[in-house]
Amino acid sequence: MKKRMLAAVLAAGMMCVSCAGGLAEAAEAEAEEVVKPPKYKSVSVHDPSVIRAEDGTFYIFGSHMAAAKSEDLINWTSISKDAQAGCTLVENVQEQMKEALSWARTTTFWAPDVQQLPDGRYAMYYCTCEGSSPLSALGLAVADAPEGPYADQGVFLKSGMAGYNATYYPNVVDPCTFFDKEGRLWMVYGSYSGGIFILEMDPETGFPLEGQNYGTKLLGKNHARIEGPYILYSPETDYYYLFLSFGGLDSNGGYNIRVCRSQNPDGPYEDSLGQEMIKCGGANGTFFHDVDYEPYGVKLMGGYKFDAVESDTNKMVQAFRSPGHNSAYYEKETDRYFLIFHTRFANSGESFSVRVHQMFMNEEGWPVVSPLRYTGEGKEAPLMEHRPGLYKILFHEHDINAVEHVSQTAALHLDGTVDGACQGAWESTEEGTVRLTLNGETYSGVFVRGLDGAQSAWVSCFTALNEKGEAVWGIRTDGIAE
């Protein structure tokens with residue numbers, strides 16, 4: 001891929017972009033031609049697991065038997081709300097799934113997953129958990145359509161029985177099923193307790209193949225706050241990406257989304273530093289000791305806030321807290337990746353909502369996430385002349401952050417330098433790849449186009465990762481719209 005500094009492309013002037021009146025005037029003229037952004041219709045589905053049906057409709061299934069559907073990943077319609085009152089996925093759910101509910105001593109369900117089997121049936125992998133212990137059950141129900149009704153086929157995995165070693169063996173919740181590139185069916189699962197495990201499944205029956213016990217352990221031990229595993233294969237890189245949520249899911253828990261990868265569906269998995277994820281977990285005798293496993297995994301996002309700047313017309317901006325328990329989707333027709341997750345918000349208690357962001361692969365084959373919510377945009381990069389400018393730059397760092405990280409302001413200049421709240425350099429290609437050196441750290445990623453909803457403007461953005469697995473996001477602030 002041919003690289004060149006943006007300064008060479010725009011050699012006509014070496015002006016400071018933060019005060020470049022000509023570019024600002026051009027941006028104002030182009031802003032009138034921008035397509036009006038769509039109106040979102042959001043839903044509150046906790047732990048959303050996505051599947052696309054044969055007719056193209058997207059479905060997300062979440063905890064408590066909540067579910068929703070969408071034609072475009074922008075406007076969502078709720079189709080099921082609660083396992084105790086309002087569940088439409090299963091007829092008489094309390095009676096059908098009585099075995100799982102009784103075992104876990106609960107009346108509700110945790111995060112499920114739905115997968116279409118080769119014979120066309122839809123398999124729902126549901127789970128129940130007592131909550132304060134790994135007393136859990138994992139079962140299978142099937143239906144002829146994604147909206148059900150699902151008929152219970154029985155429980156196939158339990159945890160938390162008398163004498164159960166929860167420091168090593170899993171809490172059998174948070175299932176995610178996927179087909180590998182050879183057509184084999186797998187289920188990754190687990191939460192806190194003994195870690196994340198994977199089982200090979202029978203694609204004809206939907207149940208695990210015999211003789212595997214709890215399966216192969218991928219990571220975690222000693223009650224580490226790691227859960228919500230989701231595996232996505234990329235035909236572009238030939239890697240399997242294991243997404244995880246670290247931290248606690250509540251608004252002050254520091255939930256954050258991380259990823260590691262392997263060339264095999266059942267591992268071993270590594271992060272960007274080459275650290276073996278099987279070593280990721282709590283030290284012996286510890287309980288929720290975050291510092292033991294905080295250094296592992298590529299952190300894609302945690303709690304964040306893009307602070308208002310002087311040029312913003314709307315100074316009321318939203319702070320996001322504890323984004324997590326994601327699923328992901330690769331769209332073959334457009335070669336696009338999407339990250340689907342729930343998030344909480346600062347000063348909003350425990351209310352939550354589903355969000356969808358586009359993902360991209362950087363030059364090192366790691367996913368990077370658009371800083372802005374998906375609004376129907378393609379994967380095309382913004383024009384070269386729209387990339388230099390004044391940016392809100394947000395460092396996600398590598399911590400399990402209970403309080404959101406806040407953006408700083410810096411300028412990406414035409415001559416390839418960066419100054420302001422951070423110092424460094426940047427270069428970009430016409431295809432959209434970007435390499436930045438900020439405060440001594442080198443980041444690899446892409447330029448993307450997104451809708452700044454707070455300012456109702458299409459803007460240039462960038463998203464990138466350093467070798468340590470720390471994300472940086474940037475949103476242009478000085479009026480560039482396309």
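Heavy atoms only: backbone and side chains are in, while hydrogens, waters and symmetry mates are out. Fair warning: this is a prediction, and the values are worked out from it, not measured in the lab.
The aromatic rings of Phe287 and His223 sit tilted, their planes meeting at an angle between 30° and 60°. Using cut-offs of 30° and 60° for the angle between ring planes, the Phe178 and Tyr240 rings count as tilted.
Here Leu135 contributes atom CG and Trp103 contributes atom CH2; the two are 6.0 Å apart, rounded to the nearest 0.5 Å. Here the straight-line distance linking atom OG of Ser191 with atom CD1 of Ile196 works out to 7.0 Å at 0.5 Å rounding. Taking CG from Leu242 and CE from Met277, the interatomic distance works out to 7.0 Å, rounded to the nearest 0.5 Å.
Identified under the ring-ring contact (aromatic ring centres under 6.0 Å, His included) test for residues 62-83, with sequence neighbours left out: none. Applying the salt bridge (Lys or Arg N to Asp or Glu O under 4.0 Å) test to every pair with at least one member in residues 121-142, sequence neighbours left out, gives these pairs: Asp119-Arg121. For residues 84-98, the set of pairs meeting the side-chain hydrogen bond (donor to acceptor under 3.5 Å, both in side chains) definition, not counting sequence neighbours, comprises Gln84-Thr107. For residues 151-160, the pairs satisfying side-chain hydrogen bond (donor to acceptor under 3.5 Å, both in side chains) are Tyr126-Asp152, with sequence neighbours left out. Residue pairs meeting the side-chain hydrogen bond (donor to acceptor under 3.5 Å, both in side chains) criterion with at least one member in residues 336-360, sequence neighbours excluded, are His46-His342, His46-Arg344, Ser234-Tyr337, Glu236-Tyr337, Ser251-Glu350, Glu331-Arg336, Thr334-Arg336, Arg336-Tyr374, Arg344-Glu350, Ser353-Arg355. Residue pairs that meet the salt bridge (Lys or Arg N to Asp or Glu O under 4.0 Å) test with at least one member in residues 238-251, sequence neighbours left out, are Lys181-Asp238.
Partners of Phe156 by ring-ring contact (aromatic ring centres under 6.0 Å, His included), not counting sequence neighbours, listed by chain and number: Phe207. Residues satisfying the ring-ring contact (aromatic ring centres under 6.0 Å, His included) test with His398, not counting sequence neighbours, are none. Contacts of Ser42 classified as side-chain hydrogen bond (donor to acceptor under 3.5 Å, both in side chains), with partners at least two apart in sequence or in another chain: Arg373. Residues forming a ring-ring contact (aromatic ring centres under 6.0 Å, His included) with Tyr269 (at least two apart in sequence, or on another chain): none. Checked against side-chain hydrogen bond (donor to acceptor under 3.5 Å, both in side chains), Arg225 has the following partners two or more places apart in sequence or in another chain: Asp290. Every residue two or more places apart in sequence or in another chain that forms a side-chain hydrogen bond (donor to acceptor under 3.5 Å, both in side chains) with Ser444 is listed here: Glu364.
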- Item | Arg52 and Glu333: CA distance, side-chain angles, deciding distance, salt bridge (Lys or Arg N to Asp or Glu O under 4.0 Å) verdict | CA-CA 13 Å; Arg52 193 176 188 183; Glu333 303 92 330; 3.7 Å; yes
- Would Lys299 and Glu397 satisfy salt bridge (Lys or Arg N to Asp or Glu O under 4.0 Å), going step by step from the backbone distance to the final call? CA-CA 8 Å; Lys299 183 182 173 185; Glu397 304 180 29; over 6 Å; no
- Verdict with supporting geometry, Tyr150 and Tyr122, ring pair (Phe, Tyr, Trp, His ring centres under 6.0 Å): CA-CA 8 Å; Tyr150 288 85; Tyr122 288 85; 7.5 Å; no
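Taking each heavy atom of Pro48 and Ser327 in turn, the nearest pair found is O-OG, 2.9 Å. In plain terms, the two heavy atoms of Ser322 and Gly253 that are nearest each other are OG-N, 3.9 Å.
If you check the side chains of Tyr255 and Glu227, you find a donor sitting under 3.5 Å from an acceptor. Checked by atom type, the side-chain pair Tyr330/Asp335 shows a donor-acceptor distance below 3.5 Å. Side chains of Asp266 and Trp186: no donor on one and acceptor on the other come within 3.5 Å. A donor-acceptor contact closer than 3.5 angstrom is absent between the side chains of Asn75 and Lys69. Checking Asp307 against Ser407 by side-chain atom types alone, no donor-acceptor pair falls below 3.5 Å. Judged purely by distance below 3.5 Å, without hydrogens or angles, the side chains of Asn401 and Arg321 never pair a donor atom with an acceptor atom. In this structure, a donor-acceptor pair under 3.5 Å is present between the side chains of Ser49 and Asp113.
Looking at heavy atoms from C-beta onward, Tyr214 lies in side-chain contact with Leu157 at the 4.5 angstrom threshold. Using a 4.5 Å heavy-atom threshold, the side chains of Ile51 and Ile60 count as separate. Using a 4.5 Å cut-off on side-chain heavy atoms (C-beta onward), Val459 and Arg449 make no contact. In this structure the side chain of Trp366 reaches within 4.5 angstrom of the side chain of Val259, judged on heavy atoms. Contact check for Met187 versus Ile198: no side-chain heavy atoms found under the 4.5 Å cut-off.
In this structure, Arg261 satisfies the cation-pi test against Tyr239, with its NZ or CZ atom closer than 6.0 Å to the six-membered ring centre and inside 45 degrees of the ring normal.
For NZ of Lys39, the number of neighbouring non-hydrogen atoms (other residues, nucleotides, ligands) closer than 6.0 Å is 12 at most. The environment of Tyr59 atom OH is dense: over 12 non-hydrogen atoms of other residues, nucleotides or ligands sit within 6.0 angstrom. Heavy-atom neighbours of Met316 CE from other residues, nucleotides or ligands within 6.0 Å: at or below the threshold of 12. No more than 12 heavy atoms of other residues, nucleotides or ligands lie within 6.0 Å of NZ in Lys81, so this atom counts as exposed by the packing criterion.
Between Tyr391 and Phe462, the ring centre distance stays below 6.0 Å. Centroid-to-centroid, the aromatic rings of Phe288 and Tyr192 come within less than 6.0 Å. Checked against the 6.0 Å centroid criterion, the rings of Phe179 and Tyr233 do not qualify as a close aromatic pair.
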